[in-house]
Amino acid sequence: MFPGSMEIGRTHNGSIVGFFREKGFDDKNIDEMFNRCKRLEGAERERASENWAYLKSIGIQERKLPSVVSKCPKILTLGLNEKLVPMVQCLATLGTKPSEVTLAITKFPHILSHNVEEKLCPLLAFFEALGVPEKQLGKLLLLNPRLVSYSIESKLTHIVDFLASLGLSKEGMIGKVLVKNPFIMGYSVEKRLRPTSEFLKSVGLTHLDLQRVAMNFPEVLCRDVEKILRPNFSFLKKCGFGDGQIAVLVTGYPPVLIKSVRNSLEPRIRFLVEVMKRQIDEVVEYPDFFRHGLKKRLEMRQRLLKQRNIDCSLSEMLECNQKKFILKFGATKAVT
C-alpha cells in the first residue's frame with residue numbers, strides 16, 4: 001500500500017516535503033522523486049525555493065514547473081550561482097531567442113545538472129571539429145538537449161565512425177547530417193543504424209545511394225527495420241511494384257520507406273490508380289510523387305487537368321511551382 005502523508009513526512013526530509021506539497025505535488029509524486037533522487041533527503045527548503053523561483057524567472061511557466069522538477073528533482077538541490085545560472089547563461093549565448101532555452105530545459109531538465117566546463121564546452125568543441133558551423137551549434141543542442149548527457153568517447157564517436165564508414169567525411173559532411181537531424185546521435189549503431197543501412201542495401205541501394213540518404217534524409221536511418229521499413233517494403237510489393245522498381249523508388253525518394261502506409265502511401269496509390277487512371281509504373285519514373293500533398297496539390301491539379309482534358313507526365317504535372325503550373329497549362333484561376 002502506498003505510504004500515507006505522515007509516513008512520507010517521517011521517512012523523508014519533512015521540510016522539503018512541505019515545499020513539494022505547497023507546489024501541488026501529491027504524495028505519490030513526492031515518494032517517486034525521493035526514490036529517484038537521494039539528494040532530496042538532505043535538500044534545503046530555502047535552496048529549493050530559490051531554484052524554483054529562478055526557473056520561473058527565466059521563462060518556464062509555473063504550470064510546467066512541476067513536470068520539469070518531476071523529470072529531474074536534482075535541479076532543486078543544485079547551487080544556483082555555481083550550477084544553474086552558468087549553464088542557463090551559456091545556453092542563452094547559443095540560442096537566438098530566450099524561448100529556445102526554456103523549451104530545451106522543459107524538454108530535458110537534466111541539462112541543468114551538467115557542468116559547463118566539463119561537459120558542455122567539450123561537446124561544443126566536438127561538434128565544431130566535425131564541421132558544424134558556430135551558428136548551428138546552438139540549434140543542434142537546443143533542439144536535442146539530451147546530447148549533453150551522452151558520452152563523447154563511448155557513444156558520439158561511435159556514431160561519427162559509423163557515418164564515416166558510409167563514406168561521409170568528418171570535415172563537414174557529418175556536421176551537416178547532425179544539423180539536419182540532431183536526434184540521430186541518440187540511436188545505437190548496432191541496434192538501429194547499422195541494421196537500417198543493411199536493410200537499405202538489401203533492397204538495392206548502392207554505397208553512394210546510402211550516402212545520399214544519410215545526407216538528405218537521415219531520419220530514414222533512424223527508423224526501425226521490422227516495425228516500419230519492412231512493412232512499407234511489403235506494402236509496395238503488394239501494390240505490384242517489383243524489387244527493382246522498389247529500389248528505384250527508394251533511391252529516388254527514400255522517405256517512401258518511412259511514410260505512414262495508411263495515411264500517406266495507400267491514399268496516394270489509390271488516387272493515382274482509381275482517380276488519375278494511371279499505371280503504378282509512372283511513379284517509378286517519378287518517385288517524388290509521394291512527396292506531394294494529396295489534397296493541396298494532387299487533387300487540385302488533377303481536377304484542373306481533367307477539366308481541360310490535358311494529358312501529361314507526373315513530373316510535368318507536379319514538378320513546377322504554382323505560378324509555372326498555371327502558365328504552363330493555361331489555367332485562369334488559382335490552383336494550390
Side-chain angles (χ1 to χ4, degrees), residues 71 94 104 107-108 110-111 113-115 118-133 136-234 236 246-247 249-260:
K71 288 179 193 170
L94 297 173
K107 274 200 291 191
F108 188 67
H110 294 80
I111 194 169
S113 66
H114 290 280
N115 186 286
E118 289 171 18
K119 199 69 205 255
L120 193 60
C121 293
L123 184 68
L124 296 174
F126 175 76
F127 288 131
E128 219 165 351
L130 290 171
V132 176
Q136 298 288 344
L137 282 173
K139 180 186 170 189
L140 187 74
L141 189 66
L142 295 174
L143 200 58
N144 185 11
R146 197 175 289 273
L147 284 167
V148 81
S149 68
Y150 299 146
S151 159
I152 290 175
E153 291 75 26
S154 62
K155 184 163 180 67
L156 302 185
T157 303
H158 198 31
I159 304 270
V160 168
D161 289 344
F162 167 75
L163 292 171
S165 75
L166 298 181
L168 305 183
S169 73
K170 293 184 182 181
E171 298 80 34
M173 288 171 86
I174 291 176
K176 284 177 184 170
V177 172
L178 304 187
V179 170
K180 204 168 181 70
N181 189 350
F183 300 98
I184 196 170
M185 301 300 270
Y187 291 95
S188 158
V189 169
E190 299 311 326
K191 290 180 183 172
R192 180 60 57 87
L193 303 182
R194 202 181 306 285
T196 306
S197 64
E198 291 303 321
F199 178 79
L200 292 172
K201 281 194 262 187
S202 77
V203 302
L205 269 67
T206 65
H207 196 63
L208 194 59
D209 294 331
L210 270 180
Q211 286 177 30
R212 291 194 188 113
V213 171
M215 287 293 292
N216 301 314
F217 303 100
E219 64 275 17
V220 174
L221 288 175
C222 301
R223 296 298 193 274
D224 188 281
V225 170
E226 299 308 322
K227 288 181 185 169
I228 298 172
L229 274 67
R230 201 180 297 282
N232 278 32
F233 179 83
S234 299
L236 293 170
I246 295 176
L249 281 180
V250 175
T251 304
Y253 186 61
V256 74
L257 281 182
I258 63 170
K259 292 268 188 186
S260 163

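Numbers for residues simply follow the sequence, beginning at 1.
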Interatomic distance, Ser197 atom OG to Leu193 atom CG [nearest 0.5 angstrom]: 7.5 Å

Gap between atom CZ of Phe233 and atom OG of Ser202 - 0.5 Å precision: 7.0 Å

Spell out, as yes or no, whether a donor-acceptor pair under 3.5 Å connects the side chain of [X] to the backbone of [Y].
X      : Y      : result
Arg212 : Leu208 : no
His158 : Ile152 : no
Lys119 : Tyr150 : yes
Ser149 : His110 : no
Lys176 : Val132 : no
Asn232 : Val256 : yes
Arg192 : Cys222 : yes

Do [X] and [Y] have side chains that approach each other closer than 4.5 Å (heavy atoms only, starting at C-beta)?
X      : Y      : answer
Leu166 : Phe162 : yes
Asn144 : Phe108 : no
Thr196 : Arg223 : no
Leu200 : Leu257 : yes
Leu94  : Leu140 : no
Leu123 : Leu156 : yes
Phe199 : Arg194 : no

Distance-only criterion, 3.5 Å: show the donor-acceptor pairs between side-chain atoms of residues 178-187 and protein atoms not counting sequence neighbours.
from, atom 1, to, atom 2, distance (Å)
Asn181, OD1, Phe183, N, 3.2

Enclosure of Glu118 CD (heavy-atom neighbours >12, cutoff 6.0 Å):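 It does not: Glu118 CD has 12 such atoms or fewer within range.
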
Which heavy atom of [X] sits nearest to which heavy atom of [Y], and what is that distance?
X      : Y      : answer
Ala247 : Gly204 : CB-CA, 4.1 Å
Leu137 : Leu124 : CD2-O, 3.9 Å
Lys201 : Leu210 : CG-CD1, 3.6 Å
Pro145 : Ala104 : CG-O, 3.5 Å

Intermediate values then yes/no, side-chain contact (heavy atoms from CB on, under 4.5 Å), Leu229 and Asp224: CA-CA 7 Å; Leu229 274 67; Asp224 188 281; over 6 Å; no

Trace of the side-chain contact (heavy atoms from CB on, under 4.5 Å) decision for Leu120 with Leu141: CA-CA 10 Å; Leu120 193 60; Leu141 189 66; 3.2 Å; yes

Test side-chain contact (heavy atoms from CB on, under 4.5 Å) applied to Leu205 and Val203, step by step: CA-CA 6 Å; Leu205 269 67; Val203 302; 4.0 Å; yes

side-chain contact (heavy atoms from CB on, under 4.5 Å) evaluation trace for Leu147 with Phe127: CA-CA 11 Å; Leu147 284 167; Phe127 288 131; 4.1 Å; yes

